[in-house]
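Here's the structure, in structure tokens; my notes come after.
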Protein chains: 2
Amino acid sequence: MDPGTGTRRVTIVDVAAHAQVSTTAVSKVMRNAYGVSPAMRERVNAAIAELGYRPRAAARGMRGRTYTIGVVLPDIRNPFFPEIVDGISGHVRDTEYQVMLGTGSRISLPGTSASDAEVELRLIDSMVDRGMDGMVLVAPAAGQKRVDEAAAGVPLVVIGRHMRSALHDTVVDDDARGAALVVNHLADLGHRRIAHIDQREPDHGRAATMPNAVRTRGYRDAMTAQGLAGQIDVVSTGYTEEGGYLGAKQLLAREVRPTAIFAGADIVAMGVLTAVAEAGLRVPEDISVAGYDNTSFAALGPIGLTSVDQAGQQIGADAARLLLERIARRDRPSTFITTSPTLVVRRTTAAPPG
Amino acid sequence: MDPGTGTRRVTIVDVAAHAQVSTTAVSKVMRNAYGVSPAMRERVNAAIAELGYRPRAAARGMRGRTYTIGVVLPDIRNPFFPEIVDGISGHVRDTEYQVMLGTGSRISLPGTSASDAEVELRLIDSMVDRGMDGMVLVAPAAGQKRVDEAAAGVPLVVIGRHMRSALHDTVVDDDARGAALVVNHLADLGHRRIAHIDQREPDHGRAATMPNAVRTRGYRDAMTAQGLAGQIDVVSTGYTEEGGYLGAKQLLAREVRPTAIFAGADIVAMGVLTAVAEAGLRVPEDISVAGYDNTSFAALGPIGLTSVDQAGQQIGADAARLLLERIARRDRPSTFITTSPTLVVRRTTAAPPG
DNA sequence: GTGAAAGCGCTAACAC
DNA sequence: GTGTTAGCGCTTTCAC
């Protein structure tokens, strides 16, 4: 009836009619549900293929699942996150689930002063509103309470935050250990004035569980263990390239300059390298620089950044596995996975000058 | 009634009851539709706030809109794409729309040999199935026919592909001009053997409209215009870091080495820099390198890559604007926007040796 | 200006 | 095993 582009999309009813069965049968076949004879399954599948039927997730979602899992990233610019996403996608690929990404954009609008946490909360809500069957939160800025609230409503896996909860699963890197790896490496090279660039944490409540905070703690502890407690020097900016740039500017202006800078993330280290270059200093001859995440950029020829590898793909795959399990059985006990980081030494670290 | 966590979510019915109005009234208020008295609007809004009501997109989508726009990215690792996403998000921020990202992951699975184009097509379908009100396709690999098919079903804006269509809007960078900018810059510096690294294009049908193809054409034309037609040298790998690495390996193995390499994208240039460093050559003393996209990494201190800026945020914002317009009026004539690139000269290009 | 009621396309009880 | 039917939470005629 409908001419031109408006050809109504084929629905389960069309398939049922074409296959001469009930819509229930079609629905069951779609979901591999129990109670359909092979013959009927055959006919339904033929009809589906013939008509090119694809179920609408929205309609499915009204009663059952949408077969969609949402991933909330704090920032797409950080090259570490794609690793995690790849891990998730890879694990989900052979299932019927589809991954949808949401991210807080970092554009600073004049009037709007929504904090990162607010943007993130809004994003989480909007994903729930869109019927995600489950969600993965990567290093969420929200407080434990808000995360638990979300987890009460939808299967959830948190990546990066060091917080245990009965309501959601968690996958974290042993950030304290990773930080110690860097400090020990630098100390072994002979460095004493090893500074660290952290992310400023406005909310003290959640502070302790953020990955950056744990790295900073690991840094402090390792420095102390090395007998360098008096040399501890932390600058707090942000886990962005700009944060690294500004942090390094501060550190390089110290009366007694550090001989090594441990940036909390590779992306931060990128900014550090820029600032160091601008200051006319050579890496690693004048100053050593190390990062965290071992992103693909760290390996770049002109960079060769020493960095901590935290196996992002593995973390993503673990998270996806836990999420799928939890979607299947929401009351299953919660799991807490810790992965062990390793140090990848490249060309930005060497013995201190002199 | 429902105890514990299972507290049923508040629906439009709850709001209506609480405000002592009909569900129709609530629905109208939600959509700022015509035909509600200020008084009623007031009461409804109060009830919404009091109950913390949030409409479910799935349910809305069954009759009206989902207020969701989907963005399909070929690859999240390319640091240029976040620029576009920021542009889109920024434009959409003050509307009720929410942006959802989908991306083809680049994990190569042993058994699975789905091509990029297939993965992308599946992704587009799944976004349509999930009721996106509109979609932005960034440099889609699909053929014009498939894109048009998709555009017939859902408002669509294509970024990057140089193809006009009555069914969708298009936003492209003048890639030929950008390539000419690079070639002319290098030629002015005195280079003659200027090589180019392109993306291998398996499908000849769509080849001409892909951004990389247009850049390559621009390179050839500019070389010819400079009287360097005999020096044209194109290696086709891929728009990835690895593609740049492999391409540069090939070029550096030439009997007569090029004195400059124009990489089709910054991410490709990264790989080129790695290969050049491995070969023990200095940039720009021994060889010049230029990229395209002017991503944040190009500006990095230790990189300082000369690159073509194509204003990703602007492109994203334009695309979002066109999409919103098309969602509002699907039959509106299609628009084709071309943005003009500029060259950003940094430290990887200089006069050739000798 | 307002509300009753009919769907949207699917899933899940529940009959048969 | 199979089909009938009642919703899921919204939007949208269409009466009033």
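Predicted model, so just to flag it, every value in this text is computed and none were measured. The sequence lines fix the lettering, A, B, ..., with proteins before strands; numbering per chain opens at 1.
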Contact interval (first through last nucleotide) of DNA chain C with protein chain B, 4.0 Å heavy-atom: C/dG1 to C/dG9
Quick one about [Y] and [X] (side-chain donor to acceptor, distance below 3.5 Å, no hydrogens or angles considered), yes or no?
X: B/Arg31; Y: B/Ser27; value: yes
X: B/Thr170; Y: B/Arg164; value: no
X: A/Tyr53; Y: A/Arg9; value: no
X: B/Arg130; Y: A/Thr68; value: yes

Between B/Ser37 and B/Arg63, which residue's closest nucleotide on DNA chain C lies nearer the 5′ terminus? B/Ser37
Nearest heavy atom decides the nucleotide; on that basis, is A/Lys28 or A/Val13 closer to the 5' end of DNA chain C? A/Val13
Testing the basics here: between A/Ala19 and A/Val44, what is the closest heavy-atom pair and its distance to 0.1 Å? CB-CA, 4.3 Å
Are A/Ile84 and A/Gln314 side-chain neighbours, meaning at least one heavy-atom pair lies under 4.5 Å? no
Distance-only, no hydrogens or angles: does the B/Asp169 side chain make a donor-acceptor pair with backbone N or O of B/Val157 under 3.5 Å? no
Any sub-3.5 Å donor-acceptor pair from B/Arg65's side-chain atoms to B/Gly61's backbone N or O? no
Sugar-phosphate only, base, or nothing, as touched by [X] at under 4.0 Å among non-hydrogen atoms:
X: B/Arg65; value: nothing
X: B/Val36; value: sugar-phosphate
X: B/Met30; value: nothing
X: A/Thr24; value: base
X: B/Thr11; value: sugar-phosphate

Hey, where on DNA chain D does chain B first and last touch, going 5' to 3'? Cut-off is any atom under 4.0 Å from a heavy atom. D/dG9 to D/dT12
Presence of salt bridge, A/Asp86 and B/Arg77, under 4.0 angstrom: yes
Are there more than 12 heavy atoms of other residues, nucleotides or ligands under 6.0 Å from atom CZ of A/Arg43? yes
Would the number of heavy atoms belonging to other residues, nucleotides or ligands and lying under 6.0 Å from CD of A/Glu42 be above 12? no
Starting from the first five and the last five pairs of the helix from C/dG1-D/dC16 to C/dC16-D/dG1, work out the angle between the resulting helix axes, to 10 degrees. 40°
